[in-house]
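Just below is one structure, and these are the notes that go with it.
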Amino acid sequence: MKFELKLLLEQVRFTQDQILEIEVKLKELMKDHQLITTIPGISDILGSAILGEIGDISRFDNPKQLVAFAGAGPFGAPGGNFNATSMHLSKGALHT
């Protein structure tokens, strides 16, 4: 039991060291993309994940296309005289 516990602890330490290495590398890679980390709550780690999902941001002609790609945006009644006092972000197609 003692030997198995020692091996498991070594595996945990090794994994923790790998996580730290990855975090250092992500911070290094994010140096050229610091704008996204100015958003409150977006760290280098989350920012790199977002940028990895978006890919080349220049393929979007405008912010609406990026929001539609993400599947979230403010939705209300399209057209008409509807005047919302509050709007919520919803997952779904963006109304243009």
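Hydrogens, waters and symmetry mates play no part in the numbers below; they use all other heavy atoms, side chains included.
Annotation: side-chain contact (heavy atoms from CB on, under 4.5 Å) contacts of L5 (sequence neighbours excluded): L9.
Note on residues 39-50: no pairs pass side chain to side chain donor-acceptor pair (under 3.5 Å), not counting sequence neighbours.
Hydrophobic cluster of L26: the remaining members, joined at side-chain heavy-atom separations below 4.5 Å, are I22, I45, listed by chain and number. In this structure, L7 belongs to a hydrophobic cluster whose other members, linked by side-chain heavy atoms under 4.5 Å apart, are F3. If you chain together ILVMFWY residues whose side-chain heavy atoms come under 4.5 Å of each other, L29 ends up in a group of its own.
A side-chain N or O of T37 and one of Q34 form a donor-acceptor pair less than 3.5 Å apart.
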Using residues 49-58 as the side-chain source, report each donor-acceptor pair under 3.5 Å to any protein atom, sequence neighbours left out, with the distance given to one decimal.
| unit_1 | atom_1 | unit_2 | atom_2 | d |
| --- | --- | --- | --- | --- |
| D56 | OD1 | S58 | N | 3.1 |
| D56 | OD1 | S58 | OG | 2.7 |
| D56 | OD2 | S58 | OG | 2.9 |

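Atom-to-atom distance recorded for R13:CZ and Q16:CD is 8.0 Å, nearest 0.5 angstrom.
Looking at K25 and E28, a side-chain N of the basic residue comes within less than 4.0 Å of a carboxylate O on the acidic one, giving a salt bridge.
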#### Entry: Check against salt bridge (Lys or Arg N to Asp or Glu O under 4.0 Å), E10 and K6
CA-CA 6 Å; E10 287 177 9; K6 180 184 174 218; 3.8 Å; yes
### Task
Please lay out, stage by stage, how Q18 and F14 fare under the test side-chain contact (heavy atoms from CB on, under 4.5 Å).
CA-CA 6 Å; Q18 285 183 317; F14 178 73; 3.3 Å; yes
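Contact check for T15 versus I19: side-chain heavy atoms found under the 4.5 Å cut-off.
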